[in-house]
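This report refers to the structure that appears directly beneath it.
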Amino acid sequence: DAVHPAPELPGFPDGFLWGVSTSAHQIEGAVEEREPSVWDVFSAEPGRIKDGSTAAVACDHVHRHREDVALLAGLGVDAYRFSISWPRVRSAGGLDFYDRLVDELCAAGVRPVPTLFHWDLPTALHDKGGWLERDTAARFADHVATVADRLGDRVHKWITLNEPAEHTLFGHALGAHAPGERLMFDALPAAHHQLLAHGLAVRALRAAGAADIGIANSHGPTWPASPEQPDLDAAAFYDLLLNRLFAEPVLLGAYPDGTGDLMPGDVAADLKVISEPLDWYGVNYYAPTKVGAPKGTEIEFGGLTLPADLPFSVQDVEDVPVTDFGWPVVPEGLTELLTGFRDRYGDRLPPIVITENGCSYEGLDDQDRIAYLDGHIRALHRAVRAGVDVRGYFVWSLLDNWEWAEGYARRFGLVHVDYATGKRTPKSSYRWFRDRLLAQRARARG
Ligand code: GBH
């Protein structure tokens with residue numbers, strides 16, 4: 001039942017890692033089997049989540065993990081990126097669930113690639129100040145040491161944090177995500193403490209013998225709305241906040257353009273920790289952002305309403321298709337992003353792994369998703385041909401799942417989930433990706 005005899009994808013370098021991604025809070029369910037996280041509390045508050053839902057059951061992955069591992073095996077991916085729920089590890093079962101999951105993945109020939117923090121902070125830590133509190137970074141490092149000690153014999157590739165930029169902006173500055181803080185620029189300490197947590201986690205993983213460590217940062221090209229100076233300035237500021245602020249401490253050991261002065265603590269000493277060398281740098285790419293001077297009105301952006309008093313405005317990228325979520329589809333943006341990073345950071349940039357890329361569309365015969373993935377994988381290959389060292393590509397996501405403030409309305413999966421019954425149904429894109437992976441492998445064998 002091969003889908004689409006369309007042209008094969010271009011061949012990627014030997015050892016290139018193909019995978020799919022998920023995150024704990026978005027798929028696991030089984031909330032009663034773990035401590036609460038900030039997302040449980042946030043989603044229980046009226047009006048926070050668009051469809052009023054919570055992730056209490058979600059894909060019920062904790063009880064259906066065998067089925068999901070079988071789906072991964074059927075897909076033929078080399079690797080599976082999932083996240084480890086810190087609240088679950090703190091609960092009675094400890095790491096038991098992840099221990100089993102890792103065993104099953106290894107038995108299925110799929111490499112486990114855990115993310116150690118994907119936004120679901122234990123409520124107990126949030127109550128002590130959460131990411132605004134420096135001590136949370138130290139607690140995270142202890143947690144990471146525990147995880148590495150238990151799983152490090154079978155897990156050989158690690159991701160520290162997922163998108164500290166989004167977690168700072170949406171969770172702590174704008175209040176659209178958990179923990180719902182609206183601190184605007186006073187949210188910057190949450191960025192610094194997450195970055196510090198990243199660096200301390202790298203040290204803890206190294207101490208446990210880990211040799212293959214990265215971070216998953218969210219990045220996209222920022223397109224000025226016009227060549228006029230106010231638009232250029234606003235776009236540069238947005239690029240600073242979303243791209244440079246989270247890349248440069250990690251890659252260069254420095255905060256860009258004086259932003260370090262806004263961070264708490266002994267910033268110079270912390271930057272030494274934050275810039276611990278990485279084996280690779282993970283990029284989550286969805287779309288470019290068109291940015292102009294502020295317009296003094298609220299802005300609809302990526303499903304959020306941004307306040308009127310930001311020093312920039314986000315505008316629609318015109319004349320391109322959009323996904324069901326309204327996000328523009330711009331594969332060239334991925335080539336531009338990666339060649340731009342290479343030009344900007346030169347030999348300070350480690351090999352790149354695309355840790356997320358994907359789109360939200362309805363339907364089982366999801367030809368739009370196939371077109372999106374095909375376009376982005378080709379765009380990635382153009383970056384490789386232009387000399388960017390790219391080592392892997394992970395689709396977001398294996399399963400339809402709970403899309404944060406959007407609830408269950410957005411479907412990013414290669415596999416459809418019927419939330420009433422938990423039934424999984426592979427979409428056309430699942431078969432398309434499987435066939436492309438088979439072809440890559442046949443090609444690699446020569
Ligand atoms: C990731 O966040 C998360 O890691 C993951 O948990 C989540 O499910 C997934 O992506 C899908 O959202 O209006 O076109 O300019 C990505 C967050 C993606 C948010 C791009 C802002 C701007 C879209 N960002 N988005 S657009």
Side-chain angles (χ1 to χ4, degrees), residues 20-28 37 39 43 49-50 55 58-59 81-83 85 113 115-120 159-171 173-174 176-178 194 215-223 225 235 238-239 241-243 246 282-292 299-306 312-318 320-331 333-334 337 353-361 369 372-373 376 394-414 417:
V20 288
S21 295
T22 62
S23 94
H25 191 79
Q26 294 177 272
I27 66 166
E28 282 185 354
S37 82
W39 274 98
S43 56
I49 309 301
K50 282 200 182 133
C59 307
R81 174 182 174 224
F82 59 101
S83 82
S85 157
V113 184
T115 306
L116 291 156
F117 180 72
H118 198 126
W119 305 351
D120 47 354
I159 300 175
T160 56
L161 307 183
N162 181 68
E163 299 189 351
E166 255 72 12
H167 195 50
T168 303
L169 179 73
F170 298 152
L174 302 175
H177 281 184
Q194 285 179 82
I215 186 171
N217 264 339
S218 154
H219 291 297
T222 306
W223 289 353
Y238 184 90
D239 181 47
L241 277 187
L242 269 300
N243 291 319
F246 294 88
V283 169
N284 295 353
Y285 172 75
Y286 288 89
T289 310
K290 189 164 141 190
V291 177
I299 312 158
E300 297 303 321
F301 175 51
L304 305 174
T305 304
L306 304 184
F312 53 80
S313 64
V314 178
Q315 304 176 18
D316 286 342
V317 175
E318 279 149 3
V320 297
V322 293
T323 69
D324 284 357
F325 205 154
W327 297 0
V329 179
V330 187
L334 181 55
L337 175 75
V353 174
I354 302 302
T355 35
E356 286 182 26
N357 176 238
C359 50
S360 155
Y361 287 109
R369 178 171 288 101
Y372 180 102
L373 297 175
H376 284 77
F394 289 69
V395 174
W396 182 272
S397 179
L398 172 67
L399 302 170
D400 287 343
N401 60 53
W402 193 73
E403 176 58 23
W404 309 114
E406 298 284 318
Y408 293 107
R410 308 297 176 190
R411 292 183 176 273
F412 279 88
L414 299 178
V417 177

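When a ligand or atom number is given, it counts from 1 through the structure's own listing order.
Side chain of Y408 to backbone of A58: a donor-acceptor contact under 3.5 angstrom is found. Listed for the S360 side chain is no donor-acceptor partner under 3.5 Å among the backbone atoms of F412.
Among residues two or more places apart in sequence or in another chain, the side-chain contact (heavy atoms from CB on, under 4.5 Å) test is passed with A235 by T222, P224, V291.
Atom CD of E166 and atom CG of L242 lie 6.0 Å apart (nearest 0.5 Å).
For Q26, the closest heavy-atom approach to ligand 1 falls below 4.0 Å. Residue W404 places a heavy atom less than 4.0 Å from ligand 1. Using a non-hydrogen distance threshold of 4.0 Å, H118 registers as a contact of ligand 1.
Note on ring orientation: taking the six-membered ring where Trp is involved, the planes of W119 and W404 are tilted (angle from 30° to 60°).
Among the atoms of N162, some N or O lies under 3.5 angstrom from an N or O of ligand 1. Residue-to-ligand polar distances keep S218 apart from ligand 1: every N/O pair is separated by 3.5 Å or more. No N or O atom of T289 sits closer than 3.5 Å to an N or O atom of ligand 1. The distance criterion of under 3.5 Å between nitrogen or oxygen atoms is met by E356 with respect to ligand 1.
Only the side chain of E403 comes within 4.0 Å of ligand 1, counting heavy atoms alone; its backbone N, CA, C and O stay farther away. Contact annotation for Y286 and ligand 1: only side-chain heavy atoms (C-beta onward) come within less than 4.0 Å of the ligand.
The cationic group of R369 does not satisfy the cation-pi geometry with Y361, failing either the under 6.0 Å distance to the six-membered ring centre or the 45° limit from the ring axis.
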